[in-house]
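Whatever order the structure lists them in is the order used to number ligands and atoms, beginning at 1. Nothing fancy with the numbering, it's 1 onward along the sequence.
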Amino acid sequence: MNIVDLITKKKLGQELTGEEISFFVDGAANKTIPDYQLAAMLMAIRLVGMNARETTDLTVAMLRSGDVADLSAIPGIKVDKHSTGGVGDTTTLVLAPLVACCGVPVAKMSGRGLGHTGGTLDKLESIPGMSVELTAERFVQQVKEIGVAVIGQTGRLAPADKTLYALRDVTSTVDSLPLIASSIMSKKLASGADAIVLDVKTGSGAIMQTLEGSVALGRAMVEIGRLAGKPVVALVTGMAQPLGTHVGNALEVKDAIEVLSGKTKGDLLEVSLLLGSHMLRLAGRVNTAEEGRRELEKALRSGAGLEKLRQLIAAQGGDPRVCDDVSLLPQPAVRVPVRCGVSGYVQRMDTTALGLAAQAMGAGRQRKTDVLDYSVGFILPVRIGDRVSPDTLLCELWACSGEEAARAEQAIRAAVTIGGEPVQRPPLCYEIIE
Ligand code: URA
């Protein structure tokens, strides 16, 4: 088989057979196909699409490119959660400790930033000393001991995805239903969980921005789960604005700590409780999501969730004192408050542009090899529907220089529309697909 022929076939809008898809995926996993040909195929798939059969074959080939984790040594039903990616979307750092406090083991494999979206691993690595690379044995041991571990995909789990994910990030091939569905589901099936909760984002900061596209993605992944015999629930949640008020790596860790300390309420907490409640339900710990929410709220109120985050950080070599003193997280060279400058209502946000503004400041990668600046990003306290005056704080920029802050200010001002007409707050959850 010749990869150029396969790229041509896809480019011309033809269907690829299961063997052809396996050839491409194995070439990505074994590095026998060079990056430029992989990237060309990814772009052909992004532009032409794949049908349901090809998407399932792609998922299965990516799953088979590596091992399947064996979590059987951990007692209980293991439920994983995965987000299609958002801005200020740090639900894992909030819900993983809370769910673990409720007696459901969280053995979580997370990803890095992709395109304009942030990644849990990058956020965790902003904590001084924190490691996200554990051996499989240590990973299992940690979950048995403290109920929670969050690590990167190991080299042997869906290695094809590792290669393709990094290439997609820098070749504008992220926003493709078959590529997202196969990437997420191959990893989740390989991670050995018994059940999966998917957070499918929709809106201006989501990879799939239309509700129709997001629902189609959710359905495709639930269907792949069904074929694999795993219970999967997909919640389509709003990404018309950053989920939390903080965007950037250390900033999002700070946001999560403030939520777990009970200092901050709002959409980040709400979506974390929603996803976490379905994790408790799929684990059989509760009968309904409402009951799950009550359990999670108890863990939040008692401080057990924050204590669990401390344990998680300490177990993975990080400095747990960040939970009591967020100034121990990386700090920027400059902090610049920016005021709204006009009166009116926050009507709309271009959340992808906000994510790209943080990426350009150094919070995300533009090339595979880029080194992140964990300290940079911004706090955006305004929400869609808020009434603002010229003095209202639009954002606080955390930047490596005054020039970088000025560039980010321009981008953020352009991304937030303030107008005379009041608007409704966007919904947090649009649909639950089971
Ligand atoms: N998250 C993933 O793991 N893969 C994607 O393709 C998109 C989001």
Side-chain angles (χ1 to χ4, degrees), residues 24-25 28-29 38-39 41-43 45-47 49-50 54-56 58-63 65-66 69 80-92 108-124 132 150-155 157-193 196-203 205-209 213-214 216-222 224-225 232 234-237 239 243 271 275 351-352 355 359 364-365 368:
F24 160 65
V25 169
L38 296 175
M41 178 61 105
L42 289 170
M43 185 56 84
I45 295 172
R46 160 63 185 83
L47 295 177
M50 278 184 150
E54 287 176 292
T55 305
T56 305
L58 182 59
T59 310
V60 171
M62 301 217 318
L63 171 64
S65 71
D80 206 347
K81 164 327 273 185
H82 198 90
S83 158
T84 56
V87 178
D89 172 20
T90 194
T91 56
T92 295
K108 176 105 187 67
M109 287 181 206
S110 289
R112 297 200 176 274
L114 186 65
H116 67 281
T117 67
T120 303
L121 297 183
D122 297 327
K123 295 171 205 175
L124 283 174
V132 293
V150 183
I151 63 165
Q153 205 176 314
T154 71
L157 293 195
D161 180 63
K162 200 168 183 176
T163 306
L164 296 177
Y165 192 89
L167 276 178
R168 285 169 58 215
D169 189 20
V170 290
T171 56
S172 187
T173 50
V174 172
D175 58 341
S176 150
L177 189 151
L179 295 179
I180 303 171
S182 56
S183 162
I184 293 180
M185 291 308 291
S186 63
K187 277 193 296 254
K188 295 296 103 177
L189 296 173
S191 75
I196 302 163
V197 175
L198 297 169
D199 182 10
V200 183
K201 301 288 183 191
T202 194
I207 295 177
M208 302 298 262
Q209 300 202 342
S214 306
L217 176 60
R219 291 210 176 113
M221 293 194 287
V222 169
I224 293 171
V232 177
L235 292 97
V236 180
T237 68
M239 189 37 68
L243 184 60
V271 174
L275 297 167
T351 308
T352 294
Q359 184 195 48
R365 295 175 191 79
K368 256 175 27 168

### Message
Using a 3.5 Å cut-off on N or O atoms only, is Arg168 in polar contact with ligand 1?
### Response
yes

### Query
Does the distance from a Lys or Arg side-chain N to an Asp or Glu carboxylate O, for Asp89 and Lys201, drop under 4.0 Å?
yes

### Query
Do any N or O atoms from the side chain of Lys188 and from the backbone of His82 form a donor-acceptor pair under 3.5 angstrom?
no

### For atom 8 (C) of ligand 1, closest protein heavy-atom neighbour
Thr84 O, 3.3 Å

## Note on the structure
Near Ser183 (heavy-atom distance under 4.0 Å), the atoms of ligand 1 are 2 (C), 3 (O), 4 (N), 5 (C), 6 (O)

### Query
Going by heavy atoms in the side chains, are Thr84 and Ile184 under 4.5 Å from each other?
yes

### Query
Does some side-chain heavy atom of Val174 sit less than 4.5 Å from a side-chain heavy atom of Tyr165?
no

### Query
atom 3 (O) of ligand 1: which protein heavy atom is closest, and how many Å away?
Lys187 NZ, 2.5 Å

### Task
Answer side chain, backbone, both or neither: which part of Leu114 comes under 4.0 Å from ligand 1, heavy atoms only.
side chain

### Query
What residue and heavy atom of the protein are closest to atom 1 (N) of ligand 1, and at what distance?
His82 NE2, 3.3 Å

### Test: Arg365 and Asp169 ion pair at under 4.0 Å
no

